[in-house]
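In what follows, every chain begins at residue 1, and chains take the letters A, B, ... in the order their sequences are listed. As the structure is a computational prediction, the values presented were derived from the model and not from experiment.
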Amino acid sequence: MDYNFLEIEKKWQQWWAQNKTYRASVDSDKPKYYVLDMFPYPSGAGLHVGHPLGYIASDIFARYKRLKGFNVLHPMGYDAFGLPAEQYAIQTGQHPEKTTHDNVARYRQQLDRIGFSFDWDREFRTCDPEYYKWTQWAFLKMFGSWYDKDAEKARPIEELAAAFEQGGSAAVNAACSEGPAFTAGEWKAFSEKEKADALMRYRLAYQGESTVNWCPALGTVLANDEVKDGFSERGGFPVFQKKMTQWQLRVSAYAGRLLDGLERLDWTESLKEMQRNWIGRSEGAEMVFQVECDGVQHDVTIFTTRADTVFGVTFMVLAPESEWVEKLTSKAQKAEVDAYLEQVKKKTERERIAGKAVTGVFSGSYGINPLTGQKVPVWIAEYVLAGYGTGAIMAVPAHDSRDYAFAKKFNLPIIPLIEGADVSEQSLDAKEGIMCNSGFLNGLTVKQAIPAAIDYVEKHGIGRRKVNYRIRDAIFSRQRYWGEPFPIYYKDGIATPVAFEDLPLTLPEIDQYKPTEDGQPPLARAKDWTYKGYPLEKSTMPGFAGSSAYYLRYMDPHNGEALVSKEADEYWRNVDLYVGGTEHATGHLIYSRFWNKFLFDLGYVCEDEPFCKLINQGMIQGRSNFVYLIPGTNKFVSAGLKDQYETIPVHVDVNIVYNDKLDIEAFRAWRPDYKDAEFVLEDGEYICGWAIEKMSKSMYNVVNPDKICDTYGADTLRLYEMFLGPIEQAKPWDTKGIDGVNRFLKKFWRLFWDREKWLVTDEEPTKEELKALHKLIGKAQDDIEHFSYNTTISAFMIALNELGNCSKRAILEPLTVVLSPFAPHIAEELWHQLGNEGSVVYATFPEYKEELAADNTVNYPVSFNGKTRFFLEAPASAAPADVEALVRSHEKTPQYVGDMNIAKVIVVPGRIVNVVLKK
RNA sequence: GCGGGUGUGUUGGAAUUGGUAGACAACCCAGACUUAGGAUCUGGUGCCUUACGGCGUAUGGGUUCGAGUCCCUUCACCCGCACCA
């Protein structure tokens, strides 16, 4: 019987499904291990070979952990709400649910062919009402909570209302939006609406006005991580800054904890660094500048990390979107300022970033430097951001390059504050040097001056120490149809939660999926989008809502009473190994951590961090092939000869190219206009050119895993994807080389079968055979723990070479078990052929015996002053002194060297001998 | 500009963490078996040299008995962030 992978793979996939081989249950006898993949968004294009890379890696680990005696949770599902299905729906009128359903079916079919050990009983989609009920529930919990900065945790909003009753807004130290302070008396006198408005500023899920990314082409707002270089990540449409009232999540309240939590996580340094940058902690000070505008005094607070440079302030700058702009624009300047604001408003985010042009306008008002009493002009300029700090800065052109550029452009004075600083050409931004022109700070180094200045400012009541974070609250509403509806209705204008018993609040049917003519979200088209007679919220939640707590739901996916039961949560706790791409570094991975920490604060989950270890699989790029067309003809030149002709490269489908050789017949059949193509061949063959590009349809370089499964089998695909190189590295897909791993499987098969004959014997293995086996077990165990699967596979090939055609059960049985995580189908077949009843999944990983793997002799390279002269065979057990004696007496140790000329002999046991000669 | 990373044969990549560089594969070459081969098996394959031998891990230097690995210089490429005050 030959290795018939098609038959074997089909057979065992069915068997696994029928027997529910991979079902996980709460089983407290065994230690748990939770392996999770970032679940896919099922796009219409289906899977290409790049997608399963991470799934294969995690599947190998899950299978390995099972063999090691762990109770493994390894689920899969779909992130099913999202823009592409909605865009498709707008174009075709097809319900996104239908598209999603079809795409999921296709994905499932493709995934099933690869032989993953997912527990499919736990599958769900984020668009299932039974699932999004818990997304809505979590939102309501956030709506009903505030963040206590003293206790550093979220608490129920009722406690806050009680505190206001007692002592007004001063009674708590809470994370909140800007707004007026109030006393207990004022609170009590508030109307219902005023109370609601006040509380809204404290809620963790709140409605508030802020500058948002508005994407007119998509008709929706976007979160910061959904905008790349001023364009929407999905679709690539321009994005504008706009002030709007939106639902938001107070992620910023958790900034400190999100940052500190990183220390305890086993993630790559680069990913942690990305999150650190995104959270963007900076220590500095807030300072109050008095500003006079048309005779009226205002206190304007600014944030700075360079309190030491306050003596060099020569002007102040407001962000165009800052609330101060209106109050600080003088009557005389109003026309000019308005013109400027209008001009800024028209620019896209992209233009603001790209256009490095220095722009600004004088507001007409003047501020007073609180330390020097000097009067400085207040400007408005787009280089200051409304969303960071206070939206107002003190400008120190001598020591900040942006302020410097601005001062140069508008002819503002520049005062150097550091001894010897030459600021005639550029500013000196570095935090080093000795202070001058700075009153009481003179003579201090910059590093001393910063705290000294802050101390001074605090003592004189001009300002205070302040830690600022760059991370903003997440904009949580989207003006779209295909997302979770907000369980919020408006009772007399007050946002009120839908009762828990009425969740899930399901999406209404509508006839068209685009926004209404007057710019309302699609849900405005629903016939009766009300609750208890009051209007419901019309926007829906963003994509990340559904993916923020899905890993918790897998622990207990069918629970109708809770997101996850206490029992399941306390058993599975959190994800031990999470595998996915880096593209989620500042999106999903931040939101999930935030969401989890929030649920942790409220006592719904027992771990404060969701993902212990995280591996980022590298992207698989495409390897495109080209043919070279002579323009104006139908003649193609082989790559080696193309320089002799005028040619243009044309992408050719990689599926009709083998090892860069074009299948000419297939090419002629590929497209009608190539039917009569002619070729200039080299050595009778047409050789294609190639390039590494993104894997995409338009480049004809998409390799479908189904095709690989058809021609080589799923086991070969799995093995090959892992053999390609380290998991975390980006690498091009190149089918060349897949024969190597395929040959390996065939060879492995032939150890058991010779055409019709079963070869396995019960003979005792020899020492050499045991050595080869145990070397492999040791190496495999080590490498798998470190996710170095490519070297594990190499070790397998070596073992096979060393074993020759050994067909002894005592060797083949453990070998099969070790292979099973990588190539589960062939392993399962052979495991049963060896006479085992249950699945190989329930086998135990063979015990590594070092003594069996060890060599009993060692071949020492002997070097003289670092140059290897000969090899010395010595017993492995020999002490360094014995080895040294052997070297000194060895016939190949040159006569002239002798004992007199040897300075010392260095013996590294089992490694090397170096004889150091006297100079 | 700031931060992180990488540089090894024709190619993908190994190297027990400072100890025989190029494992294991792909490609290519030769041979065997074959009607045939995108099947199987055997051998060869870093570079220079007929050989002896020499040279080789982006570059130049350093530490060491010994460096792909550690330190410094330069160069190249990749990724992330970027008016964050």
Side-chain angles (χ1 to χ4, degrees), chain A residues 2 229 268-278 280-282 284 302-307 309 317 319 352-353 355-356 358 381-385 387-396 399-403 405-406 429 468-472 582-583 585-586 616 618-619 658-661 663 711 720 723-726 728-744 746-747 750 778-779 782 788 790-801 859-868 870-871 903-908 910-917 919:
Chain A
D2 277 339
D229 296 328
T268 59
E269 205 39 50
S270 74
L271 194 79
K272 286 197 210 176
E273 196 58 30
M274 270 192 240
Q275 291 216 338
R276 282 190 203 111
N277 290 340
W278 190 258
R281 179 191 151 98
S282 62
I302 58 94
F303 175 76
T304 181
T305 53
R306 293 294 302 272
T309 61
V317 189
R352 282 184 70 165
I353 297 168
K356 291 273 177 191
V358 180
E382 56 180 330
Y383 83 89
V384 173
L385 306 174
Y388 184 74
T390 60
I393 63 153
M394 63 179 209
V396 186
H399 301 291
D400 182 288
S401 48
R402 297 154 301 180
D403 297 344
F406 196 81
D429 292 18
N468 227 329
Y469 293 98
R470 196 179 81 102
I471 193 169
R472 320 276 174 84
T582 20
E583 65 271 22
T586 51
N616 298 116
M619 254 219 289
Y658 305 94
N659 293 344
D660 287 340
K661 288 172 199 151
D663 180 336
T711 38
Y720 186 56
F723 190 62
L724 226 41
E728 310 207 62
Q729 220 166 74
K731 57 219 152 211
W733 175 268
D734 185 355
T735 311
K736 204 159 98 180
I738 198 167
D739 291 319
V741 288
N742 189 239
R743 253 170 237 155
F744 160 73
K746 286 185 196 161
K747 271 195 215 169
R750 277 199 304 272
K779 177 92 174 141
D782 232 55
S788 177
N790 56 334
T791 53
T792 318
I793 296 167
S794 293
F796 251 109
M797 294 173 173
I798 295 168
L800 227 56
N801 287 338
N859 209 15
Y860 284 95
V862 180
S863 309
F864 287 80
N865 276 356
K867 290 201 172 178
T868 306
F870 60 89
F871 292 89
K904 58 179 168 176
V905 178
I906 297 157
V907 179
V908 181
R911 293 290 175 86
I912 196 162
V913 177
N914 199 333
V915 181
V916 185
L917 302 177
K919 295 256 159 87

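- Formation of a donor-acceptor pair under 3.5 Å by the A:Lys747 side chain with backbone atoms of A:Asn801 is not found in this model.
- Heavy atoms of A:Asp403 sit nowhere under 4.0 angstrom from any nucleic acid atom.
- Using a 4.0 Å heavy-atom criterion, one finds that A:Lys779 contacts no nucleic acid atom at all.
- In this structure, A:Arg276 reaches neither bases nor backbone, as no heavy-atom distance under 4.0 Å exists between it and the strands shown.
- B:G54 and B:U8 are spaced 26 Å apart, taking the P atom of each and rounding to whole Å.
- When heavy atoms are screened at a 4.0 angstrom cut-off, A:Tyr469 is found touching no nucleic acid atom at all.
- Note on A:Asn277: nothing from the nucleic acid sits closer than 4.0 angstrom, heavy atoms only.
- A side-chain donor-acceptor contact under 3.5 Å links A:Lys731 to the backbone of A:Gln729.
- Here A:Pro732 lies out of heavy-atom contact (under 4.0 Å) with every strand.
- Between the C1' atoms of B:G43 and B:U6, the separation comes to 36 Å (whole Å).
- Formation of a donor-acceptor pair under 3.5 Å by the A:Arg470 side chain with backbone atoms of A:Tyr388 is not found in this model.
- Nucleic acid contact class of A:Ile906 (heavy atoms, under 4.0 Å, all strands): base.
- Contacts of A:Arg472 with the nucleic acid, taken as non-hydrogen atoms under 4.0 Å apart, include base atoms.
- In a base pair of the Watson-Crick type (N1 to N3 plus N6-O4 or O6-N4) or a G-U wobble (N1-O2 and O6-N3), with each distance short of 3.5 Å, B:A51 is matched with no nucleotide.
- Nucleotide B:G3: paired with B:C79 (Watson-Crick or G-U wobble, both distances less than 3.5 Å).
- Close to B:G13, at under 4.0 Å from its OP1 or OP2, lies no side-chain N or O of A:Lys731.
- Using atom P as the reference point in both B:U20 and B:A32, the two lie 39 Å apart (nearest Å).
- Nucleotide B:U63: unpaired (no Watson-Crick or G-U wobble partner with both distances less than 3.5 Å).
- If you find the closest nucleotide of RNA chain B to A:Tyr388 and to A:Ile738, the one lying nearer the 5' end belongs to A:Ile738.
- Comparing the same atom, P, in B:A25 and in B:G1 gives a spacing of 46 Å after rounding to whole Å.
- Looking at A:Asp403, its side chain does come within 3.5 Å of a backbone N or O of A:Val396 through a donor-acceptor pair.
- Across all strands, A:Glu269 comes closer than 4.0 Å to no nucleic acid atom at all (heavy-atom distances).
- Taking only side-chain nitrogens and oxygens, A:Thr791 never comes nearer than 4.0 Å to OP1 or OP2 of B:C24.
- In this structure, A:Lys272 reaches neither bases nor backbone, as no heavy-atom distance under 4.0 Å exists between it and the strands shown.
- Between A:Arg470 and B:A82, a side-chain N or O to OP1/OP2 separation shorter than 4.0 Å is present.
- When the side-chain nitrogen and oxygen atoms of A:Asn742 are compared with OP1 and OP2 of B:U40, none of them lie within a distance under 4.0 Å.
- Base pairing of B:G18: no nucleotide in any strand meets the Watson-Crick or G-U wobble criterion (both distances under 3.5 Å).
- Ring orientation note: the planes of A:Tyr720 and A:Trp733 are nearly perpendicular, at an angle over 60° on the 30°/60° scale.
- Residue A:Ile393 is in base contact, counting any heavy-atom pair closer than 4.0 Å across all strands shown.
- In B:G61 the O4'-C1'-N dihedral to the base is more than 90° from 0, which defines an anti nucleotide.
- Note that CG of A:Asp400 is 8.5 Å distant from OG1 of A:Thr309, once rounded to the nearest 0.5 Å.
- Nucleotides B:U63 and B:C71 have their C1' atoms positioned 7 Å apart, rounded to a whole Å.
- B:C24 and B:A14 have their C1' atoms separated by 7 Å, given to the nearest Å.
- Between A:Leu800 atom CG and A:Arg750 atom CZ the span is 9.5 Å, to the nearest 0.5 Å.
- In terms of position along RNA chain B, the nucleotide closest to A:Ser794 lies nearer the 5' end than the nucleotide closest to the other residue of the pair A:Ser794 and A:Arg750.
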